[in-house]
Amino acid sequence: MVQDIFNEYARFPQVHGMAIGGSRAVKRNDGFSNYDVYVYCTKPVAAEQRRGVLEKYCGSMALDSHNREHEDVCMMDDGTELHIIYRNLNEFLAGIDRVVTRHEVLDRCTTGMWHNLLTGRIAYDKGGLLAAAKEKYRVPYPQDLKNNIISHHMNLIKYGLPSFMEQIGKAMKRGDLVHINQSVNRFLDSYFDIIFALNEKQHPGEKRLVQISLEECSILPARFELNIRLLLNSMFKDPAAVSVVDVMVSELEKVIGETLA
């Protein structure tokens, strides 16, 4: 059924590539996994054209969601949830180049799009552009990028003003549950960007980060999984949970020092 959608989308002249991404691309999918399809275009495909294709295979759909990227979320007739994410091909490749070649850092998932390109299973590739990009960016992890990610995010976590550590501490003392949630989320975004950079791994996205880190990363702070569980299980209940953040940052600094020494 998904292949039928690929075949119809390939007829749109502005569509230059399609790839299967997410957990299915790296064979981590389970019974809860949706189907992520990335459509690479040079110009937008009109909603009416997309609807004309999707309504043949999907019982319900929500077009033009912008929760993450520009996407259509559909429920296929066989019960599979389908996410079709639309990307401008030139902007996508330019963003990867800024990270891999110019070593620019993002506030979260710096190397996520790079990972997405390399792991995506190509389903359609007009002119071989996606395959050529995969080959171009299948390079060793740049040391300058690694250093930039660590420096940028440690500044956000501890050394800048206001630091995430400071914000989390204040939010916990106030009992401000929403701010605690937001501050811890930002802290963990930076924390995991550093973890994957230390291990010279591209960031795999937002799901199963603890599991993937344990399976694929040889450099991890002491009590890595335990401290994350302690923080998340106690952050809304006990203002003293900020001490777990202190320990996590201290252990992170240790492995940074050992790795970069």
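Values below: all heavy atoms of this structure, side chains included; hydrogens, waters and symmetry mates excluded. Numbering of residues begins at 1 and proceeds along the displayed sequence.
- The same ILVMFWY cluster, assembled from side-chain heavy atoms under 4.5 Å apart, contains both Tyr141 and Val105.
- In this structure, Ser243 OG and Leu231 CG are separated by 9.5 Å, a value rounded to the nearest 0.5 Å.
- Each of His152, His153, Arg186 was evaluated against Asp107; a single residue qualifies, His152, per the side-chain hydrogen bond (donor to acceptor under 3.5 Å, both in side chains) test.
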>> Between Asn67 and Ser65, is the side chain to side chain donor-acceptor pair (under 3.5 Å) condition met? List the steps.
In response: CA-CA 6 Å; Asn67 184 38; Ser65 168; 5.7 Å; no
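- The shortest distance between side-chain heavy atoms of Thr101 and Tyr137 falls below 4.5 Å.
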> When you look at Lys56 and Asp4, which way does the salt bridge (Lys or Arg N to Asp or Glu O under 4.0 Å) test go after all the steps?
Replying inline: CA-CA 10 Å; Lys56 299 177 187 178; Asp4 293 329; over 6 Å; no
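- A donor-acceptor pair is defined here as one N or O able to donate and one able to accept, closer than 3.5 Å; no such pair exists between the side chain of Thr111 and the backbone of Trp114.
- The side-chain tip of Arg229 does not point at the ring of Phe224 from less than 6.0 angstrom away and within 45° of straight on.
- One N or O on the side chain of Lys126 and one on the backbone of Pro13 form a donor-acceptor pair closer than 3.5 Å.
- A 4.5 Å side-chain heavy-atom check between Asp36 and Glu71 finds every atom pair outside the cut-off.
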> Going through the distances and angles, do Asp72 and Arg50 end up as a salt bridge (Lys or Arg N to Asp or Glu O under 4.0 Å)?
Replying inline: CA-CA 9 Å; Asp72 295 335; Arg50 288 155 25 218; 2.8 Å; yes
>> Walk me through whether Arg87 and Glu69 qualify under salt bridge (Lys or Arg N to Asp or Glu O under 4.0 Å).
In response: CA-CA 8 Å; Arg87 291 171 171 168; Glu69 301 181 61; 2.9 Å; yes
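- Under the 4.5 Å side-chain heavy-atom criterion for grouping Ile, Leu, Val, Met, Phe, Trp and Tyr, Leu220 is connected to Phe192 within one hydrophobic cluster.
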>> Please determine whether side chain to side chain contact (heavy atoms under 4.5 Å, CB included) holds for the pair Leu145 and Val100, giving the CA-CA distance in whole Å, both sets of side-chain angles, and the decisive distance to 0.1 Å.
In response: CA-CA 7 Å; Leu145 176 61; Val100 180; 5.5 Å; no
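- Taking CG from Asp125 and NZ from Lys134, the interatomic distance works out to 9.5 Å, rounded to the nearest 0.5 Å.
- Salt-bridge formation is not detected for the pair Glu48/Arg51: no Lys NZ or Arg NE/NH1/NH2 atom is positioned less than 4.0 Å from an Asp or Glu carboxylate oxygen.
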>> Assess the residue pair Leu198 and Ile149 against the criterion (side chain to side chain contact (heavy atoms under 4.5 Å, CB included)); give the C-alpha distance rounded to whole Å, side-chain angles, the decisive distance to 0.1 Å, and a yes or no.
In response: CA-CA 9 Å; Leu198 271 174; Ile149 289 174; over 6 Å; no
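- Across all non-hydrogen atoms, the minimal contact from Cys41 to Val15 is SG-CG2, 4.1 Å.
- Counting only distance, with no hydrogens or angles, the side chain of Asn155 and the backbone of Ser151 share no donor-acceptor pair below 3.5 Å.
- Counting only distance, with no hydrogens or angles, the side chain of Asp97 and the backbone of Leu93 share no donor-acceptor pair below 3.5 Å.
- The side-chain contact (heavy atoms from CB on, under 4.5 Å) test with Pro221 singles out one residue from Glu253, Lys254, Glu251, and that residue is Glu251.
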Which side-chain N or O atoms in residues 170-182 pair as donor and acceptor under 3.5 Å with protein atoms at least two apart or in another chain?
{"unit_1": "Asp176", "atom_1": "OD1", "unit_2": "His179", "atom_2": "N", "d": "3.2"}
{"unit_1": "His179", "atom_1": "NE2", "unit_2": "Ser183", "atom_2": "OG", "d": "3.2"}

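- Side-chain N/O atoms of Asn7 and Gln3 include a donor and acceptor closer than 3.5 Å.
- In this structure, Asn199 contributes its side chain and Ile219 its backbone to a donor-acceptor pair below 3.5 Å.
- Of all heavy-atom pairs spanning His203 and Asp193, the tightest one is CD2-OD1, 3.3 Å.
- Closest non-hydrogen pair, Phe187 versus Met248, comes out as CE2-CE, 3.8 Å.
- Rounding to the nearest 0.5 Å gives a distance of 11.5 Å between CD of Gln167 and CD1 of Ile157.
- In this structure, the side chains of Thr110 and Phe196 stay at 4.5 Å or more apart for every pair of heavy atoms.
- Using modelled atom types, no side-chain atom of Thr80 and backbone atom of Met76 make a donor-acceptor pair closer than 3.5 Å.
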>> Applying side chain to side chain contact (heavy atoms under 4.5 Å, CB included) to Asn88 and His70, what does each step give before you reach the verdict?
In response: CA-CA 10 Å; Asn88 179 285; His70 178 206; over 6 Å; no
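- In this structure, Tyr9 has its ring center at least 6.0 angstrom away from the ring center of Phe6.
- Clustering ILVMFWY residues whenever any of their side-chain heavy atoms sit less than 4.5 angstrom apart, transitively, puts Ile84 in a cluster other than the one holding Met75.
- With 3.5 Å as the limit, one finds no donor-acceptor pair spanning the side chains of Ser234 and Asp238.
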>> One pair to check against side chain to side chain contact (heavy atoms under 4.5 Å, CB included): Glu225 and Leu214. What are the steps and the verdict?
In response: CA-CA 8 Å; Glu225 183 178 14; Leu214 291 170; 3.4 Å; yes
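- Under the 4.5 Å side-chain heavy-atom criterion for grouping Ile, Leu, Val, Met, Phe, Trp and Tyr, Val247 is not connected to Leu188 through any hydrophobic cluster.
- No side-chain heavy atom of Glu81 sits under 4.5 Å from any side-chain heavy atom of Tyr35.
- Of the inter-residue distances, the one linking Ser213 atom OG with Ile195 atom CD1 reads 6.5 Å to the nearest 0.5 angstrom.
- The heavy-atom pair separating Ile122 from Ala131 by the smallest distance is CD1-N, 3.7 Å.
- Ile96 and Leu106 end up in different hydrophobic clusters when Ile, Leu, Val, Met, Phe, Trp and Tyr side chains are linked at under 4.5 Å.
- We find the OG-NZ distance between Ser190 and Lys158 to be 14.5 Å, quoted to the nearest 0.5 Å.
- No side-chain heavy atom of Tyr86 sits less than 4.5 Å from a side-chain heavy atom of Pro44.
- Closest non-hydrogen pair, Cys58 versus Asp77, comes out as C-OD1, 3.5 Å.
- Residues Gly17 and Leu130 share a closest heavy-atom pair of CA-CD1, 3.9 Å.
- Taking the six-membered ring for Trp and the full ring otherwise, the centers of Tyr40 and His16 sit at least 6.0 Å from each other.
- Contact check for Leu82 versus Val73: no side-chain heavy atoms found under the 4.5 Å cut-off.
- Every residue meeting the side chain to side chain contact (heavy atoms under 4.5 Å, CB included) condition with Arg11, not counting sequence neighbours, appears here in chain and number order: Glu8.
- Rounding to the nearest 0.5 angstrom, the gap separating the CG atom in Leu129 from the CG atom in Asn90 is 8.5 Å.
- Using a 4.5 Å heavy-atom cutoff, the side chains of Glu206 and Arg68 are in contact.
- By the 4.5 Å heavy-atom criterion applied to side chains, Val245 and Phe164 are not counted as neighbours.
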